[in-house]
Amino acid sequence: MKRFIFFTLEGDSIGENGEKVENCQLLGDAVGETAKEAFDNLLDENPWIKTSGFNIGTGNIVARELVDNKRYLF
């Protein structure tokens, strides 16, 4: 199975100085044979994504396949 991360290009946060910052929102990671299968698994495993108001069906979600499962902390 392949592992994918999913993020949306919509969203913003508040910076340390109190100003609004437009950014991407990481939704999570999931496994599947294809990006579509992994996305379906992501939504099944994380129902909060649908209820949080993200536009999940309009091309705003990006999937990236991960090369391996290594994690690096900085």
Contacts table for residues 14-25: side-chain donor-acceptor under 3.5 angstrom, sequence neighbours left out:
unit_1	atom_1	unit_2	atom_2	d
Asn17	OD1	Glu19	N	3.0
Asn23	OD1	Gln25	NE2	2.7
Asn23	ND2	Ser13	OG	2.9

Notebook entry, point to check: Just wondering, do Phe6 and Val62 contact through their side chains at under 4.5 Å, heavy atoms?
Noted result: no
Checklist line | Phe54 side chain near Leu27 side chain, heavy-atom distance below 4.5 Å | finding: yes
Next item on the list: Sorted by first residue and then second, give each side-chain hydrogen bond (donor to acceptor under 3.5 Å, both in side chains) pair with at least one member in residues 42-55; sequence neighbours left out.
Entry: Glu10-Asn55, Asn46-Trp48
Note to self: Does anything in residues 32-41 form a salt bridge (Lys or Arg N to Asp or Glu O under 4.0 Å)? List the pairs, not counting sequence neighbours.
What the structure shows: Lys36-Asp40
Notebook entry, point to check: Just by modelled atom types, is the Val31 backbone N or O under 3.5 Å from a matching donor or acceptor in the Asn41 side chain?
Noted result: yes
Notebook entry, point to check: Listed by chain and number, what are the side-chain hydrogen bond (donor to acceptor under 3.5 Å, both in side chains) partners of Lys2, not counting sequence neighbours?
Noted result: none
Note to self: Please give me the minimum heavy-atom distance between Ala35 and Phe4, naming the atom from each residue.
What the structure shows: N-CZ, 3.5 Å
Next item on the list: Name all pairs fulfilling the side-chain hydrogen bond (donor to acceptor under 3.5 Å, both in side chains) condition that reach into residues 65-74, sequence neighbours left out, sorted by first residue then second.
Entry: Arg3-Asn69
Note to self: Under the criterion side chain to side chain contact (heavy atoms under 4.5 Å, CB included), I'd like the reasoning laid out for Ile49 against Leu43: C-alpha separation, chi angles, the key distance, then a yes or no.
What the structure shows: CA-CA 7 Å; Ile49 295 172; Leu43 294 177; 3.8 Å; yes
Item checked: Residues forming a ring-ring contact (aromatic ring centres under 6.0 Å, His included) with Phe7, sequence neighbours excluded -> none
Margin query: Please give me the minimum heavy-atom distance between Ala38 and Ala30, naming the atom from each residue.
Written below: O-CB, 3.3 Å
Check: What closest approach, in Å, do Ile5 and Leu26 show between heavy atoms, and which atom pair accounts for it?
Finding: CB-CD1, 4.4 Å
